[in-house]
Every structure is written in structure tokens, then in C-alpha cells.
2 protein chains.
Amino acid sequence: MTRNAERPTLEQVASLAGTSRATASRVVNGSPRVSPEARAAVERAIDALGYAPNRAARSLVTRRSDSIGLIVTESEERVFGEPFFATLVRGVSDALAGTETHLVLVLNRSDQEHSRVRRFLSAHVDGVLLISAHADEPLLAQLAADPLPAVLAGRPLQPTSLPYVDVDNAHGAYVAVRHLVERGRSRIATIAGPQDMAPGIDRLEGYRRAVADVVGTASSLVAFGDFSTASGERGTEELLERHPDIDAIFAASDLMAVGALQALQRRGRRVPEDIAVVGFDDSVVAATTHPQLTTVHQPVGDLGRLMVQRLCAALDGSSPVPRATVLPTHLVVRDSS
Amino acid sequence: MTRNAERPTLEQVASLAGTSRATASRVVNGSPRVSPEARAAVERAIDALGYAPNRAARSLVTRRSDSIGLIVTESEERVFGEPFFATLVRGVSDALAGTETHLVLVLNRSDQEHSRVRRFLSAHVDGVLLISAHADEPLLAQLAADPLPAVLAGRPLQPTSLPYVDVDNAHGAYVAVRHLVERGRSRIATIAGPQDMAPGIDRLEGYRRAVADVVGTASSLVAFGDFSTASGERGTEELLERHPDIDAIFAASDLMAVGALQALQRRGRRVPEDIAVVGFDDSVVAATTHPQLTTVHQPVGDLGRLMVQRLCAALDGSSPVPRATVLPTHLVVRDSS
DNA sequence: GGTGGCTGTGAGAGCGCTCTCAACCCGTCT
DNA sequence: AGACGGGTTGAGAGCGCTCTCACAGCCACC
């Protein structure tokens, strides 16, 4: 384990450059108070030795870790469509690319690991990005009480002072339903998501607002699911039973929309001729169904990027951090509507 | 940024416990050379103060970072089915759960970031997990030359001394084709993946071996794709044109299988009645197609877990690290075959 | 009663870095 | 000529921890 025993230190750089360690440090950290000659000499020495600063030593004195934590709670991967996690991580990584900041990943599974996450938080990162679907996420309270800067993915359900970045779920749903109306649909039902999760609530609200905007459209064509394919099937069957005359379904997730397509096909209803279907997420599956799914796209990569930006702002205290940032969603029209 | 100014140090723990810093350190690190009384006193002090060791200070002296890097190259997320990344990370995280080791994520996008990755490697982690599809990945050579322990996901194409963990692509393909044979299919074609990637090569090899096992089966019913849906469509059309009488297609990825389903449907070929289709990956989309896709499941979570185990073995030098570890794949039979 | 080993303990060095502080050089002003 | 000020520099402390080393205490043995 004692690798890199030969890694050069700042001391060696300084002595090769013929300066003191302090001056070498100034060069490494880009201080302006260094003469051009000294700077050049140190830079030459750095190249010659292949010097890279020892992060631990630096952290010890600066009291910064130069890394941020990405905490993902268990349920998340199941709830969001699969591209979500990878795309978000990509966005976060993008935003971090120019900096020296590391991204430390913590998947928060069970309660037994909770203490681990806590210690982790307080000791090892400068800030935290939290991805959590659970409304009752105890970490939220912990983070709010901690001086550690944190940014949430998605609107939290309970009141908290922590800033968050979200996609405009309500407006996305609203636009999806308006689209169905414009296509001439008048009996538009929805399969809503869980009502203990912000996306579930907000997408249903968008649906309701759009339906209320249209005079003469019934407003109670709602079934509830859990974002899964199976629940989409169940929801569709329930809707067809209660309201056989519906001519459109807005599903609050692509997977539920897939379930709807399957249920409709089983019942012999043609999509989009008899019933139009719109999903939400613009996940991989949306392009693999038959017919291909009209769905609401959410800018997940931007979500990650913006979370980092907000966190960095909080870290260096340069600019005030807005408590809420909401990114626009947009409709992707394919063949199912 | 000067948060946690009040974080307790080992010194404070020791003084509260009435011992020296050295003894407190022994307790923290679980040394057996401490009397029960001293241990209890220190533990009480730790609880009272809410002490957590300063990682930077520890790293500085131990010369370990207690973290490992997960390096993912750009193309990867596109190539593998979407659940791949999340599931692998989950497996890695699982394996790390009991330890104090952190997981640092690096997405290696462009060449300009290459130097960043290099510095990162040499300075900040004890070991590396590399996920890379590219055969010509320059990091491979760098890692092989570096004393930094590394474990690869997937068989590397060029010869290297680095250990890797892979899933049994060839056998998975073999089993898939044998399954088609058992279902009575005799004109079995394949849409192979890119031949500059190990999974593409190995899955084709498995197909060829299975076909060779069956006397009287033609062996040149091969089209090539890039694992994407679109390439699956193209490959299917190409196959149908060249060999209109094929009665089964083994696609080297689920997405290509989806493309095949779409192309077949357009041509009015029924699946599985006229043509059976089998995919590879057991991704989310496999369960959302119509008919649902028979596919080869690969234990991606186990892949991650095992990579960590191999890396840890390399780190503590306890046991020799096998150069290759291959995990079994298995067929998931659904409706398309 | 002395020797040897074995256990538990504390003093102290030092990991590589940043940052404060005082010193220094040199040109400019009184 | 002396005082002053801005720019540049180096000495040195110290971040919180681990780990070596020496030593004190204790038992068993000759």
C-alpha cells in the first residue's frame, strides 16, 4: 500500500527552483504576488518533477476537502426512469469538470447506514447534493440543521430552508394535456403518480389545471399508480371500467404509459386512433414502444449542472442562492397522440 | 467556508478521557493493545464530543486516501443499456458499504480532461475501477504502467496485466441460440455488436459456437449493428433481404432487439410465430416491448461488487488477484421466442 | 532478588501543505 | 540624505493525525 513513496513534495520543487516553499506554494495556488522569474522557475521545477499537490496536506490546513457528496437514497433508482441517474450524474460531472472538486458518491440504502452518511457529511465533504424521493427523508432535517451547504434535487415536500432545483413538473403535465385537447380529445384521463412524492403531486396538479381551463371537460378521471409499468396497466383498466368513453390518457411516467399501451392493446383499443397516450420523462423506453410515445421531456442533465452551480455559490458565498430553481420541461410529440 | 470550526480533535477526546492522544488513537483504530478501562473512557469521550476523525490528517500520515475512483469513459453510457450504470454503481456501493472507503466518481469525457484524470489517479485514490468500452482506451496503458491498483469492467481487448471482471457474454449468447434451436428454429440469424468491443466480439462468438454445434444450420446469417435500436432495425432489414427464410434473430443487445421487433412488425412478420427474437442485457426495455423480450440477463450488480472485492484484495495484498473473473449469465424467457 | 518477557502507556516527531509575519529590496518623495 | 511605501520573499508555526520508541508496571522464572 505504500505506493508513490517517491512522489515529489513542494519542498523539493522549491529547492529545485531555488526558492522557498512559500513561494512555490504561491505559484501553485496562483497568487499574483510572485515575480515572473520566480514563477517561471517554479513552473519549470513542477514540470521536471511531475509535481502534484498532496490533497490531504492541503485539506488539513485549509479545512476544505475540495469535494462534494452526491447522496442518493435507495428508492430513487426505482422511481425515476433509468436514464435519470446516469444523466444527472453526467450533468453534475460536467459542471465540476473545470474545477478541482471531486464528486463522492454515497448510496444511502438502509437505516443502518444512516449514521455512516451522517459522519460522512460532517467530516468529508464541503457540500452535498441530495437526491431523494421520500417525503419523510430524515436526512433533510439533518442537513437543514447542519451548517453544511446542501442542494436538493426536486421540490421537498416538507418545509425546509434548503435550496432546491426542480423541473417544472406541473407545467409539463399542463402542456401535455393541452396538447391532447388541441388534438381534439375531450375525455382526458390521467394515471397519477404517488401523492407522497412531489413529482406525483405536481404532475397531477398540472393535469387538473389544464382540465379546468377547458370548459366542459370532466375533471375526475384520475387513477393512481406508483410510476411502474404494472401500475400503469392497472390504472388503465380501472379507468376504462369507470369511464369507458375516455379518449386520452396522460400517464405521469413513461413506464406507466407503457403499461397503459399494453392494457389498451389487450382491450383492442387502438392508439392513437381510439385513445391517445402521453407519458412523462422522455426515457429510453418512450422511443421503443409501439406506437412511439409522446412524452414530456425533463432536462435532467441541466438539473445536475444547476445543482452544482447553486452549491458552489453557497460554498464560496459569492452570490445569494435562490431557494428554488425550476427548469422548463417540454413536450416531445411522437406517435401515440 | 470555515465551517465546523468547532469539530473536536483527538487531543480533546484524549484529554476528556484522561489519556494521551496515542491511546485515544489506538481506540479509534481498534488496536488490541488498550486496557478495557482506557478503551471505555475514550469511547465515552468520543460519544460525548461527537468526535469523528479528520480524514485529511489521517491520510497525510498513512499515505492512503481510503477512497477508490470509479472512472467511466464517455461512450460507456451510450453503449450499455441504461440500467447498466446505475446497477453497477449500486453493486460497487454495496461492496463498499461496510468499509470506510469512499467512492469517487470520474466521468472521463474528452481528451482535454485526460490530464485531469491522470493527476487524479496518481494523487487522490488508493485504487481504480475502470469502465471503458473503447478498445484503444489510453488510460489502460497508463494504468498498467502505474503502480496504482486497478480493476477493469469487462475483458480488455489489448493485452494488459490488469485484472478484470466480466460477464460471460459468449456463454450467454450460446445459451440464447441453443434456446432458439430447442424451440425448433433452424434458420437463426444474429445482429452482432461492434467488433471493436469485447461484448460485441464475445456475443458473436457464442452465437457462432452454438450454430456450429448444430449440424445443418447455416453459419453466415450475420448482420452488424452498434447496439442501438436504429441499427437493430437496419440489421433486421438487411437480414430479411439476404435471407428471407430466417425464423429467428439473436440480437446482441436489447435495443437492437427492439429495433428488430419494429422492423419485423413493419414487414408484417409475427413474433414469435414467424420469427423468434432474443435480446441481450435484460434491460428495462425488454419488459416493455410487445411481445416482451426473451433476453440474456447479466449480473451487473455482482460485477460491481466483485470488482470492488478484487480491488480490495489488491490493495491489502492479502490474497492474490485472479487476472480474470467471469460471472455467469442466464436466459430470461419471455414471449418473443 | 535479579533477570527476562510482555502489556499498556505517553512523549514526540513528522506527514506536506498554507498562511502569517517580518524582513528585504528598490524606487519615490520630502 | 533619510523616510516611506509597494512589491517580493523566506522563516516558521501549526493543521490533526499515526507511529515509533522508550519506559513503567507486572508476572514468572531461575
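Naming: A, B, ... by sequence-line order, numbering from 1 per chain.
- Applying the side chain to side chain contact (heavy atoms under 4.5 Å, CB included) criterion to B:Arg39, with sequence neighbours excluded, gives B:Val27, B:Val34, B:Glu43.
- For the pair A:Arg58 CZ and C:dC15 P, the interatomic distance rounds to 19 Å; values are reported in whole Å.
- Note: CD (A:Gln12) to C1' (C:dC15) measures 13 Å, nearest angstrom.
- Between the two ends of the helix from C:dG1-D:dC30 to C:dT30-D:dA1, each summarised by a five-pair axis, the helix axis turns through 60° (rounded to 10 degrees).
- Heavy-atom minimum distance, B:Ala56 versus A:Leu60: CB-N, 3.8 Å.
- A straight line from CG of B:Leu60 to P of D:dC17 spans 12 Å, rounded to a whole angstrom.
- As rounded to whole Å, 12 Å separates atom P of C:dG12 from atom CD of B:Glu11.
- By the side chain to side chain contact (heavy atoms under 4.5 Å, CB included) test, A:Ser35 is found to be paired with A:Glu37, A:Ala38, residues two or more places apart in sequence or in another chain being considered.
- Here the shortest heavy-atom pairing between A:Val300 and A:Phe84 reads CG1-O, 3.6 Å.
- The stretch residues 20-39 of chain B touches DNA chain D through B:Arg21, B:Ala22, B:Ser25, B:Arg26, B:Asn29, each having a heavy atom within less than 4.0 Å of the strand.
- By the side chain to side chain donor-acceptor pair (under 3.5 Å) test, A:Asp66 is found to be paired with A:Arg64, residues two or more places apart in sequence or in another chain being considered.
- Near DNA chain C, meaning a heavy atom under 4.0 Å from it, residues 40-48 of chain A has no residue at all.
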Dump every N/O contact between nucleotides 23-26 of chain C and the protein below 3.5 Å, one line per pair.
none

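- Here D:dC15 presents its P atom at 22 Å from CZ of A:Arg55, a figure rounded to the nearest Å.
- Under the side chain to side chain contact (heavy atoms under 4.5 Å, CB included) criterion, A:Pro156 pairs with A:Leu140, A:Leu152, A:Thr160, A:Tyr164, sequence neighbours left out.
- Within 4.0 Å (heavy atoms only), A:Ser59 reaches no atom of the nucleic acid at all.
- Between B:Leu143 and B:Leu130 the shortest heavy-atom distance is CD1-CD2, 3.8 Å.
- As a whole-Å value, the separation of A:Asn54 CG from C:dT18 C1' is 13 Å.
- The shortest non-hydrogen separation linking B:Ser65 to B:Asp126 is N-OD1, 2.8 Å.
- Applying the side chain to side chain donor-acceptor pair (under 3.5 Å) criterion to B:Thr9, with sequence neighbours excluded, gives no partner residue.
- For the pair B:Ala24 and B:Leu10, the tightest heavy-atom approach, listed with the atom from each and the gap, is CB-CD1, 3.7 Å.
- Close to C:dG16, at under 4.0 Å from its OP1 or OP2, lies a side-chain N or O of B:Arg63.
- Take B:Glu11 and apply the side chain to side chain donor-acceptor pair (under 3.5 Å) test, not counting sequence neighbours, and it matches B:Arg21.
- For A:Asp302, the side chain to side chain donor-acceptor pair (under 3.5 Å) partners at least two apart in sequence or on another chain are A:Arg305.
- Residues that satisfy the side chain to side chain contact (heavy atoms under 4.5 Å, CB included) test with A:Leu16, not counting sequence neighbours, are A:Ala45, A:Ala48, A:Leu49.
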